[in-house]
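Everything below concerns the one structure shown next.
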Amino acid sequence: MNLDELLGEYAELEAKLADPSVHADQNQARTLGRRYATLTPIVTTYRELEGVREDLAAAKELAAEDPAFADEAAELESRIGPLEQRLRHLLIPRDPNDDKDILLEIKAGEGGEESALFAGDLLRMYLRYAERVGWKTEVIDSQPSDLGGYKDVTIAIKAKGDEGVWSKLKFEGGVHRVQRVPVTESQGRIHTSAAGVLVYPEAEEVDVQIDPNDLRIDVFRSSGPGGQSVNTTDSAVRITHLPTGVVVSCQNEKSQLQNREAALRILRARLLAIAQEEADAAASAERRSQVRTVDRSERIRTYNFPENRISDHRVGFKAYNLDQVLDGDLSAVIQALLDAEMAEKLAAHS
């Protein structure tokens with residue numbers, strides 16, 4: 001889409017958002033509002049650039065008669081380059097999912113109980129980060145471990161404003177490795193274990209149509225740490241999507257209906273990711289980077305407790321504030337990844 005088309009779309013959005021009837025449908029209003037917020041920096045920068053160009057033309061014309069305007073012309077000319085560069089950056093195509101909320105799944109991997117405890121640490125890190133930036137979180141499903149960690153946990157993260165969660169957390173998918181002395185280690189030796197993180201854009205029902213005939217739904221009794229039953233009724237739900245073989249289980253809620261709705265929510269997100277993989281080679285490469293097998297050799301990030309160090313191996317980021325990062329201060333890590341993404345896009349469009 002070229003600049004003229006974006007300016008036209010912006011004007012249309014402005015008109016729609018000014019129509020009170022649009023706000024009767026909160027989902028539609030939110031979608032339009034997010035798109036409007038995405039286009040606003042582009043339009044604002046374009047208008048500022050056009051204004052500076054007009055002022056520069058006027059200043060040059062006046063400088064021919066009055067040299068006092070030469071300094072003003074020089075100052076205006078110095079602003080044009082940075083504004084043009086900012087506009088170029090803003091016009092680089094965005095990830096179509098950047099405005100979406102997400103489902104984030106953390107799976108314990110190699111390392112037994114220590115890995116499950118680390119999965120719990122990662123969960124707390126993301127929950128604390130979401131709290132810092134004003135996002136809403138909800139635990140959709142979880143399988144606690146005996147010592148208080150998690151074998152598997154899925155959370156929904158929703159933005160309250162116009163900026164989607166995916167735009168910030170889409171690069172969290174992959175294997176996260178921890179190096180520390182586990183609570184289960186009596187000799188004080190440092191161990192390495194891993195947990196996997198999967199990130200999916202949250203799919204609306206309009207994004208993914210699921211045929212009920214394509215589903216096999218099984219119910220079973222919920223279980224807690226150690227496998228003990230925590231529910232006397234068959235309220236846990238397992239849904240198998242027969243065409244793709246995707247299986248989703250949920251047992252957090254007390255009722256079978258609630259667990260079914262939670263499982264369908266996760267299923268929609270996974271099916272949306274699969275559909276995008278098939279439709280877009282770039283998306284396919286991105287999804288493959290979120291390693292499904294929690295293998296320490298496929299790590300994207302290392303959390304080294306003895307050195308209080310965090311390292312992201314994809315962009316060479318390294319910092320010695322691991323304690324703060326685990327308390328939710330993820331901004332610098334995320335920004336390093338976003339900067340790398342922007343550099344790649346600029347190189348591809350240069």
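Scope of the values below: all heavy atoms of this structure, side chains included, with no hydrogens, waters or symmetry mates.
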Side chain Glu5, main chain Asn2, donor-acceptor under 3.5 Å: yes
Keeping the roles fixed (side chain from His23, backbone from Leu17), state whether a donor-acceptor pair exists under 3.5 Å. yes
According to the interplanar angle, ranging from 0 to 90°, do the rings of Trp135 and Tyr129 count as parallel (below 30°), tilted (30 to 60°) or perpendicular (above 60°)? perpendicular
Cluster overlap Leu76 with Leu62, hydrophobic side-chain contacts below 4.5 Å: no
Is it the case that the side chains of Thr154 and Asp141 hold a donor-acceptor pair, with the cut-off being a distance below 3.5 Å and no angle test? no
Lys16 atom NZ, neighbour heavy-atom count above 12 within 6.0 Å: no
Look at Glu253 together with Arg260 and state whether they make a salt bridge at an N to O cut-off of under 4.0 Å. no
Salt-bridge test for Arg124 and Asp327: reply yes if a basic N is under 4.0 Å from a carboxylate O, no otherwise. yes
Heavy-atom closest contact (Gln179 atom, Pro306 atom, distance): O-CD, 3.3 Å
Please check if atom CD in Glu14 has more than 12 non-hydrogen atoms from other residues, nucleotides or ligands closer than 6.0 Å. yes
Is there a path of hydrophobic side-chain contacts, each under 4.5 Å between heavy atoms of I, L, V, M, F, W or Y residues, that connects Val247 with Phe220? no
Salt-bridge present (Asp99, Arg94; N to O < 4.0 Å): yes
Give a yes or no on whether a salt bridge exists between Glu50 and Arg47, defined as a side-chain N under 4.0 angstrom from a carboxylate O. no
Given Leu322 and Arg309, is the side chain to side chain contact (heavy atoms under 4.5 Å, CB included) satisfied, shown in steps? CA-CA 5 Å; Leu322 176 57; Arg309 168 172 53 83; 5.9 Å; no
Take Leu215 and His241, measure what side chain to side chain contact (heavy atoms under 4.5 Å, CB included) needs, and give me the verdict at the end. CA-CA 5 Å; Leu215 302 179; His241 186 249; 3.8 Å; yes
Can you check side chain to side chain contact (heavy atoms under 4.5 Å, CB included) on Met342 and Leu338, steps first, answer last? CA-CA 6 Å; Met342 176 57 72; Leu338 294 178; over 6 Å; no
Is Tyr320 linked to Phe305 within one hydrophobic cluster, defined over Ile, Leu, Val, Met, Phe, Trp and Tyr using a side-chain heavy-atom separation of less than 4.5 Å? no
Could you give the distance from NE2 (His176) to CD1 (Ile300), rounded to the nearest 0.5 Å? 3.5 Å
Side chain to side chain contact (heavy atoms under 4.5 Å, CB included) for Val43 and Leu7? Distances and angles first, verdict last. CA-CA 7 Å; Val43 175; Leu7 293 171; 3.9 Å; yes
Strictly below 4.0 Å, N to O, side chains only: are Lys107 and Glu105 in salt-bridge contact? yes
So, for Ala59 and Phe69, which heavy atoms are closest and what is the spacing to 0.1 Å? O-CB, 3.7 Å
Output yes when Arg35 and Glu12 qualify as a salt bridge under the 4.0 Å nitrogen-oxygen rule, no when they do not. no
Test item: side-chain donor near acceptor, Ser21 and Asp19, under 3.5 Å: yes
Counting only heavy atoms not in Arg265, do more than 12 fall under 6.0 Å of its CZ? yes
Salt bridge flag under 4.0 Å for residues Asp121 and Arg180: yes
